[in-house]
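Throughout, numbering of the chain's residues begins at 1 and tracks the sequence.
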Amino acid sequence: FVFDREKVVGVCNISYEGGRAYFYGVGVVGKERGKGYGRRMLLSALSLINAEAESIVLDVDSHNPAAYGLYRKVGFEPLNQVEYYKYIVD
């Protein structure tokens, strides 16, 4: 969790399998975006993960330019892309 005073403004999840860490479920409350909380959360998580894993995998919506740009800035590179489909049930 990321806090601003006493309120939660961000959250992320980390899991491990073998020597790999998975960083997922990342989010910052809408009105709190753009204030650096996501970057601080990511850097804190990376410092924890680096002590426990050989590699880190995360997923990001390529239509979320802020998140995509942040991950690229700290050194993540695209590994593969996944397409999502929806089916509307009548």
Side-chain angles (χ1 to χ4, degrees):
F1 294 104
V2 176
F3 292 90
D4 178 19
R5 295 178 186 88
E6 295 182 9
K7 65 181 178 179
V8 175
V9 296
V11 64
C12 70
N13 296 283
I14 303 168
S15 65
Y16 298 91
E17 186 176 310
R20 181 175 281 175
Y22 296 88
F23 184 66
Y24 62 98
V26 180
V28 175
V29 174
K31 66 181 181 178
E32 302 298 337
R33 292 181 184 151
K35 298 180 180 179
Y37 292 118
R39 181 177 180 78
R40 281 187 265 160
M41 181 170 45
L42 174 61
L43 295 176
S44 293
L46 289 177
S47 68
L48 293 171
I49 293 169
N50 284 335
E52 301 289 328
E54 298 167 8
S55 64
I56 304 165
V57 175
L58 62 82
D59 59 9
V60 61
D61 183 348
S62 59
H63 297 291
N64 182 343
Y68 192 77
L70 172 61
Y71 298 138
R72 295 298 304 261
K73 276 185 198 173
V74 299
F76 283 92
E77 296 181 10
L79 179 62
N80 60 32
Q81 285 188 280
V82 176
E83 302 253 349
Y84 291 92
Y85 297 85
K86 70 178 178 180
Y87 177 83
I88 298 174
V89 180
D90 295 323

Next on the checklist: Can you list everything that forms a side chain to side chain contact (heavy atoms under 4.5 Å, CB included) with Asn13? Sequence neighbours excluded, please.
Outcome noted: Tyr24

Checklist entry - In Å and rounded to the nearest 0.5 Å, what is the CD1 to CG distance from Ile14 to Leu46? => result 8.5 Å

Next on the checklist: Rounded at 0.5 Å granularity, tell me how far NZ in Lys7 sits from CD in Glu32.
Outcome noted: 4.0 Å

Checklist outcome for this item: Value for CZ (Phe23) from CG (Leu42), rounded to nearest 0.5 Å, stands at 5.0 Å

Checklist entry - Members other than Val89 in its cluster, when Ile, Leu, Val, Met, Phe, Trp, Tyr link by side-chain heavy atoms under 4.5 Å? => result Tyr87

Item to check | Under the side chain to side chain contact (heavy atoms under 4.5 Å, CB included) test, residues paired with Ser55 that sit two or more places apart | outcome: Arg20

Next on the checklist: Assigning hydrophobic clusters by single linkage (Ile, Leu, Val, Met, Phe, Trp, Tyr; side-chain heavy-atom cutoff under 4.5 Å), is Val74 placed with Val26?
Outcome noted: yes

Next on the checklist: Applying side chain to side chain contact (heavy atoms under 4.5 Å, CB included), can you list everything that pairs with Arg33, at least two apart in sequence or on another chain?
Outcome noted: Val28

Item to check | Single-linkage hydrophobic cluster, 4.5 Å side-chain cutoff, Leu43 and Tyr68 together | outcome: yes

Checklist entry - Can you tell me how far the OH atom of Tyr71 sits from the CG atom of Leu58, to the nearest 0.5 Å? => result 5.5 Å

Checklist entry - In terms of hydrophobic clustering (I, L, V, M, F, W, Y; side-chain heavy atoms under 4.5 Å; direct or indirect links), are Tyr37 and Val60 co-clustered? => result yes

Checklist entry - Which pair of heavy atoms, one from Gly27 and one from Met41, lies closest together, and at what distance? => result O-CE, 3.9 Å

Next on the checklist: Once side chain to side chain contact (heavy atoms under 4.5 Å, CB included) is applied, do any residues pair with Ala21, and if so which ones, sequence neighbours excluded?
Outcome noted: Tyr16, Ile49, Ala53, Ile56

